[in-house]
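It should be emphasised that the depicted structure is a prediction, and the values quoted were computed from it without experimental measurement.
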2 protein chains.
Amino acid sequence: MNEEWVSFYKALADANRLKIVGLLAQKPYSVEQLAALLDLKPATISHHLARLAEVGLVSAKTESYYNVYRLEEKALEERTRRLLSREDFQSAAADVDVDAYDRKVVADYKRRDGSLKTIPAQRKKLEAVLRHVVKAFEPGKRYSEKQVNKILERFHEDTASLRRELVGYGLMKREGGGGDYWRVES
Amino acid sequence: MNEEWVSFYKALADANRLKIVGLLAQKPYSVEQLAALLDLKPATISHHLARLAEVGLVSAKTESYYNVYRLEEKALEERTRRLLSREDFQSAAADVDVDAYDRKVVADYKRRDGSLKTIPAQRKKLEAVLRHVVKAFEPGKRYSEKQVNKILERFHEDTASLRRELVGYGLMKREGGGGDYWRVES
DNA sequence: AATTCATTTCGATAATTATCGAATTAGATA
DNA sequence: TATCTAATTCGATAATTATCGAAATGAATT
């Protein structure tokens with residue numbers, strides 16, 4: 001479903017094909033006429049028209065000797081509609097694995113036993129690691145500071161830093177001054 | 001002004017760039033993150049982002065270590081609205097010489113003295129030649145059949161055929177049964 | 001100031017494709 | 001049927017470009 005859009009844009013991503021579409025927007029033309037108008041050989045025009053036809057932008061009708069091409073206005077309108085809805089753009093990334101980056105970062109910092117070699121200094125990497133760490137807490141459950149530290153020890157001895165960052169990045173919250181902690185729903 | 005459109009379409013005519021746009025439609029990302037998500041090297045992502053930025057689809061903001069890119073939603077909407085409109089397509093062909101085909105055909109059939117070697121048998125070529133011939137008549141003026149023949153003789157001895165085709169293709173008209181002829185405004 | 005890290009730039013390579021001439025196909029005319 | 005004509009297909013070439021490694025840049029932390 002992505003390929004469809006790519007080939008659509010590719011069809012329009014050429015100066016001569018844009019000119020062809022522009023001419024056909026005024027009236028239908030035969031291959032030979034277009035060749036004369038654009039100063040290209042019929043073979044080349046044929047190639048361009050084939051690419052435009054592939055995505056449904058133009059269609060051909062045989063008229064005596066000639067193959068007369070016309071713009072498919074309905075197809076054009078349909079495209080515009082879908083394009084403006086902008087849904088399709090998001091679906092362009094639908095098959096992208098959005099967690100690939102986090103996994104890559106965590107893999108770099110995690111030892112075999114699951115503990116962290118270090119706490120990342122770079123913000124983006126710290127975020128990725130924290131998103132991993134926070135999964136050790138059950139959503140909805142409340143933890144005392146002692147319980148939190150116990151869990152964080154599995155990842156790094158500097159539990160105070162981990163705890164502070166988790167709260168700082170909004171992955172965990174704390175009740176009032178010295179109350180319980182809980183994991184924030186993502 | 002045509003180049004601008006071509007580069008816009010070219011910017012979107014690549015599967016990975018479409019995925020990037022799709023991801024940025026959800027939230028901003030750094031180069032490194034996009035590289036991990038699309039399984040490409042940062043250098044490649046940088047190249048793609050540069051092309052998208054060239055046409056104003058994305059913009060970068062430096063954030064501490066990172067270059068965070070975001071989608072320029074207004075630009076995207078503005079472009080998609082305009083670029084697929086029929087008007088703008090027509091202007092893509094604005095600089096095309098629409099008479100090039102006629103001139104090419106007429107040159108093939110015309111002798112040095114302006115007369116026609118033959119009357120073309122192919123419809124498209126006949127049309128082109130007739131559009132040339134009809135220019136010998138003044139718009140708005142009325143001609144008797146005798147006058148018409150006199151003028152058509154300059155082009156070909158078979159004035160009857162020329163006359164018939166001119167009327168048949170709607171380039172000239174005739175009053176009632178045996179009245180005068182006149183050139184139809186194009 | 002030195003170092004670390006993300007990004008960009010550069011150079012090279014492989015893949016894509018626009019263009020054209022030659023050969024083929026398909027339609028229409030005589 | 002034989003002959004034209006327009007269009008398409010095929011093969012080759014030149015130009016464009018996606019991709020990546022290596023080197024350079026620039027910003028930020030220590």
Side-chain angles (χ1 to χ4, degrees), chain A residues 3 6-7 9-20 28-54 58-69 101 104-105 108-109 118-128, chain B residues 3 6-7 9-20 28-54 58-69 101 104-105 108-109 118-128:
Chain A
E3 272 317 307
V6 174
S7 48
Y9 284 120
K10 277 189 178 174
L12 293 172
D14 176 273
N16 284 324
R17 281 199 291 270
L18 268 192
K19 285 183 189 171
I20 290 176
Y29 282 101
S30 73
V31 175
E32 201 183 23
Q33 287 178 312
L34 290 171
L37 294 180
L38 297 190
D39 198 26
L40 292 173
K41 300 298 163 186
T44 305
I45 299 291
S46 205
H47 162 73
H48 286 318
L49 287 169
R51 300 209 52 174
L52 291 171
E54 257 173 34
V58 307
S59 68
K61 194 175 71 161
T62 302
E63 260 182 38
S64 102
Y65 270 130
Y66 309 92
N67 239 351
V68 177
Y69 282 84
Y101 175 76
K104 188 166 179 288
V105 171
D108 281 347
Y109 282 86
T118 67
I119 298 177
Q122 294 75 41
R123 186 158 61 76
K124 297 276 181 194
K125 294 185 175 176
L126 176 57
E127 286 174 19
Chain B
E3 272 317 307
V6 175
S7 50
Y9 284 120
K10 277 189 179 174
L12 293 173
D14 176 273
N16 285 324
R17 281 199 290 270
L18 269 192
K19 284 183 189 170
I20 290 177
Y29 282 102
S30 73
V31 176
E32 202 184 22
Q33 287 178 313
L34 289 171
L37 294 180
L38 297 189
D39 197 25
L40 292 173
K41 301 297 163 185
T44 305
I45 299 291
S46 203
H47 161 73
H48 286 317
L49 287 170
R51 300 209 53 173
L52 290 171
E54 257 174 34
V58 307
S59 67
K61 196 176 69 162
T62 302
E63 261 183 37
S64 99
Y65 271 131
Y66 309 92
N67 237 352
V68 177
Y69 282 84
Y101 175 76
K104 188 166 178 288
V105 171
D108 281 348
Y109 281 87
T118 66
I119 299 178
Q122 293 76 40
R123 186 159 60 76
K124 296 277 181 193
K125 295 188 173 174
L126 177 56
E127 286 173 18

Original post:
Taking only residues two or more places apart in sequence or in another chain, which ones pass salt bridge (charged side-chain N to carboxylate O under 4.0 Å, His left out) with Glu63(A)?
Top reply: Lys61(A), Arg123(B)

Subject >> For Lys125(A), salt bridge (charged side-chain N to carboxylate O under 4.0 Å, His left out) partners two or more places apart >> reply: Glu32(B)

Subject >> Asn67(A) and Leu49(A), any side-chain heavy atoms less than 4.5 Å apart >> reply: no

Subject >> Min side-chain heavy-atom separation Lys124(A)-Tyr65(B) under 4.5 Å >> reply: no

Give the rounded distance in Å between these two atoms: [atom1] of [X] and [atom2] of [N].
| X | N | atom1 | atom2 | value |
| --- | --- | --- | --- | --- |
| Asn67(B) | dT8(C) | CG | C1' | 9 Å |
| Tyr66(B) | dT7(C) | OH | P | 8 Å |
| Leu52(B) | dT7(C) | CG | C1' | 16 Å |
| Lys61(B) | dA6(C) | NZ | P | 19 Å |
| Asp108(B) | dT5(D) | CG | P | 12 Å |

Under 3.5 Å, which N/O atoms of the protein pair with N/O atoms of nucleotides 23-26 of chain C?
none

Original post:
Would one find a side-chain N or O of Tyr69(A) under 4.0 angstrom from OP1 or OP2 of dT8(D)?
Top reply: yes

Subject >> OP1 or OP2 of dA6(D) under 4.0 Å from side-chain N/O of Lys125(B) >> reply: yes

Original post:
If you look only at pairs with a residue in residues 43-53 of chain A, which of them pass as a side chain to side chain donor-acceptor pair (under 3.5 Å), with sequence neighbours excluded?
Top reply: Arg17(A)-His48(A)

**OP:** Specify the closest pair of heavy atoms between Ile119(A) and Leu126(A), including all atoms of both residues, with the distance to one decimal.
**Re:** CG2-CD1, 3.8 Å

Original post:
If you measure from CG on Leu52(A) to CG on Leu18(A), what distance do you get to the nearest 0.5 Å?
Top reply: 9.0 Å

Original post:
Where along nucleotides 17-30 of chain D does protein come under 4.0 Å, by heavy atom, of base (B) or sugar-phosphate alone (S), with - for untouched nucleotides?
Top reply: SSBBB-----SS--

Subject >> More than 12 heavy atoms from other groups under 6.0 Å of CG on Asp39(B) >> reply: no

Original post:
With sequence neighbours left out, what residues match Tyr109(B) under ring-ring contact (aromatic ring centres under 6.0 Å, His included)?
Top reply: none

Subject >> Nearest-nucleotide 5' precedence on DNA chain D, Ala60(A) against Gln122(B) >> reply: Gln122(B)

